[in-house]
Structure formats: structure tokens, C-alpha cells
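Okay, so here's the structure we're looking at.
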Amino acid sequence: MTGFGSLFYFRERIFLGCSGIKTDFHSHYAASILFSESKPFLLHNETNTLTTHAIVLPPNYFHKLDAPQTNIFVIQLDPKTEEYKSLKLDKEPKLIPDKTANTISELAKPILYGDINCESVKQLYAKILNELGSSSNIETELDPRIAQAIEIISNVLPEGIRIKEISEQTGLSPDRFMHLFKENMGIPLRQFLLWKRLHIAAKHLQTGGNLTEASHSAGFSDQAHLSRTFKKMFGVKPSLFLGGSQLKKVCFC
């Protein structure tokens, strides 16, 4: 179905709702919360296949998602955050009870069907984390120097970024700047820059450009670099979601 579902990225968090998704085997830094609207989906690891409606995956968990006929929601979050730590996971996946799964899938429906914006998604995310026994603290005020750095980066990209120049403008040493950035944003500067470049590429694709044009417009070396970066973070190729081929909305908040 064309124009159905949404993808939101805010800070180090991802919230995706879509109809039908299959990934290759992969593992990634982020922890994942997967739940469906109604039909179950399959989750494969190296030795087993699990059929479920809702599950939380720890970081670096090698898996493949198989949900081609299912409306599904995917949340990814940084495992170093208090949000993740309060979920109290071990190194194995954790099934979400049916009652909680039904509650969070009902809450998440605007991601699939509604005209939802960044602010609404943040509030929805917080409600879902609360239902899972965690807490969301996504409105923390940034250090003014990091807020200034983000504005500088937004104005400079897709051109190259010199850490020394940004740190000097914010009155910090490069080492202190890198530490403070990670402390405020939850992800290293390099990963943040990749996300910002993905944002630029997404905008280009959504206006009708192809992957090669989007890659260069965002500062990636080539289409393969863009695809590798996207697939590493989402487990799928960018053509599945970007450029209006499937999702109604793609927003990097």
C-alpha cells in the first residue's frame, strides 16, 4: 500500500509503523521494541524461529524480522539510556505480555493512520515506554554549547565538518566537545552526522530524486555508502521507505 505508515527519528530513537517488512539477518547497536497491530510476526535468530505479537530485543542481537503481511511497529533506542536500562533486559529477548501488547498497539495506531507530527510522536513514545515499565526523558534541555553546535552543523551540511572548528566556536576543546556531545545526544558525533546526512538524502528522495542524486546531495561518497548506512541502522535498504515508495511520512525531528 502506497502512502501508509510513518518513520520518525528523534535524537537516538527511531519509531516506525508500516505495513509489511522483511529484513536480512543483522544486528545493531540499538535495542528494539517490536509489536504488531494484530497479526503475529516471525523473528528468526541463528537457531530458532519465534512467532509473537510483541517483543523487546537487546542490543547487538543477531536476528531477522519476517512480517510481510503484518502492520508492525518498530522502536529503536540507545541501550545506554535510562529508558532502556529500566526495561531490565538480559542478553536475551523479552516477550511482552498480550495485555500490554494490545495496549501499546492501540496507542501506536496514529503512526499508521494519523496525520502525526514530531511532538505527538515524542508524547506517544513516552506513553508506550511507560506501559512497558520504563520511563522516557526525551525533553531534557541540551547544553547551550551543544545546541549551538547542532545549529552550526545544520548550516554547514552536506559540506564536510571540522570538529576543531565547531569546538572552537562553542568554546570547548575537541575532546571535551566530543564527550559533551555524546553526553547530551546519547550518540557519538559521527553517528549524528550520518543521521543528518540521511535526513538530507530522505528529503531529496521524497522530492523525486534517485538514490545516486540523493547520495551526493547528502555528502555520501556514493549510493552504496548511503545504502550501507541506512541498512545498518534500519536493517533494510533505503529504497523500501524513502522516496515515497511505501511510507506516507518520513521525519527526522
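Note: hydrogens, waters and symmetry copies are ignored here, and every other heavy atom, side chains too, is used. The structure displayed is predicted, hence computed values, not measured ones.
- In this structure, F25 is not a member of the same hydrophobic cluster as I21, with clusters built from ILVMFWY side-chain heavy atoms closer than 4.5 Å.
- Residues I33 and I96 have side chains in contact (heavy-atom distance under 4.5 Å, counting atoms from C-beta outward).
- A distance of 13.5 Å separates CG of L34 from NE2 of H53, quoted to the nearest 0.5 Å.
- Counting all heavy atoms, side chain and backbone alike, C18 lies closest to L112 at N-CD2, 3.5 Å.
- Ring orientation note: the planes of F177 and F181 are tilted relative to one another, at an angle of 30° to 60°.
- Contact of the I200 side chain with the L157 side chain is registered, since non-hydrogen atoms from C-beta on lie closer than 4.5 Å.
- Between I72 and L16 the shortest side-chain heavy-atom distance does not fall below 4.5 Å.
- Relative ring orientation between H63 and H26 is described as tilted, the plane-to-plane angle lying within the 30° to 60° band.
- Of the possible polar contacts, one joining the N184 side chain to the D143 backbone as a donor-acceptor pair under 3.5 Å is found.
- Inter-residue side-chain proximity for I14 and I75 is flagged as unmet; no heavy-atom pair is nearer than 4.5 Å.
- Remark: side-chain polar atoms of N155 are paired, donor with acceptor, to backbone N or O of E151 under 3.5 angstrom.
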L57 vs L43, side chain to side chain contact (heavy atoms under 4.5 Å, CB included): CA-CA, chis, key distance, verdict: CA-CA 10 Å; L57 302 182; L43 187 77; 3.5 Å; yes
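- Residues L180 and R145 form a side-chain contact, since some pair of their non-hydrogen atoms from C-beta on lies under 4.5 Å apart.
- T100 and E131 get closest at one heavy-atom pair: CG2-O, 3.7 Å.
- For the pair P158 and R197, the minimum side-chain heavy-atom distance is below 4.5 Å.
- T52 places no side-chain N or O within 3.5 Å of a backbone atom of I55 that could act as its donor or acceptor partner.
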Trace of the side chain to side chain contact (heavy atoms under 4.5 Å, CB included) decision for R13 with E83: CA-CA 11 Å; R13 302 159 181 88; E83 296 168 5; 2.9 Å; yes
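- The main-chain N or O of T103 is never found under 3.5 Å from a side-chain atom of E106 such that the two would form a donor-acceptor pair.
- Using a 4.5 Å cut-off between side-chain heavy atoms of Ile, Leu, Val, Met, Phe, Trp and Tyr, with links allowed through other members, M178 and V156 fall into the same hydrophobic cluster.
- A salt bridge links D115 and K249; the closest N-O separation between the charged side-chain nitrogens and carboxylate oxygens is under 4.0 Å.
- Aromatic ring orientation, F220 versus H225: perpendicular (interplanar angle above 60°, classes split at 30° and 60°).
- One N or O on the side chain of S215 and one on the backbone of L211 form a donor-acceptor pair closer than 3.5 Å.
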L42/L50 under side chain to side chain contact (heavy atoms under 4.5 Å, CB included): CA gap, chis, key distance, verdict: CA-CA 6 Å; L42 301 180; L50 178 67; over 6 Å; no
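- Hydrophobic clustering keeps V56 apart from F62 (ILVMFWY residues linked when any side-chain heavy atoms are closer than 4.5 Å, directly or through intermediates).
- Counted by atom type alone, K248 and S6 present zero donor-acceptor pairs between their side chains at under 3.5 Å.
- Note that OG of S134 and NZ of K85 are 11.5 Å apart. Values are rounded to the nearest 0.5 Å.
- For the residue pair S105 / N102, no side-chain donor-acceptor distance below 3.5 Å is found, with atom types taken as modelled.
- With ring centers used as reference points, F15 lies 6.0 Å or more from F8.
- Of all heavy-atom pairs between P59 and Y84, the closest is CD-OH, 3.1 Å.
- For the atom pair OG (S32) and CG (L77), the distance works out to 8.0 Å, reported to the nearest 0.5 Å.
- With values rounded to the nearest 0.5 angstrom, I163 atom CD1 is found 12.5 Å from L172 atom CG.
- We find the CD-NZ distance between Q69 and K22 to be 9.5 Å, quoted to the nearest 0.5 Å.
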Q223 vs T212, side chain to side chain donor-acceptor pair (under 3.5 Å): CA-CA, chis, key distance, verdict: CA-CA 5 Å; Q223 179 180 332; T212 299; 3.0 Å; yes
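- Looking only at distances, no side-chain donor or acceptor of S227 sits under 3.5 Å from a matching main-chain atom of A224.
- Here the CD1-OG distance, from I111 to S120, works out to 9.0 Å after rounding to the nearest 0.5 Å.
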F35 and V74: CA distance, side-chain angles, deciding distance, side chain to side chain contact (heavy atoms under 4.5 Å, CB included) verdict: CA-CA 7 Å; F35 54 103; V74 178; over 6 Å; no
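- Side-chain contact between T70 and E37: absent, with no pair of heavy atoms (C-beta onward) separated by less than 4.5 Å.
- Under the 4.5 Å side-chain criterion, counting only non-hydrogen atoms from C-beta, F4 is in contact with S19.
- Closest approach of A101 and A54 over heavy atoms only: CB-CB, 3.6 Å.
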Full working for side chain to side chain donor-acceptor pair (under 3.5 Å) between H44 and T49: CA-CA 4 Å; H44 309 273; T49 297; 2.8 Å; yes
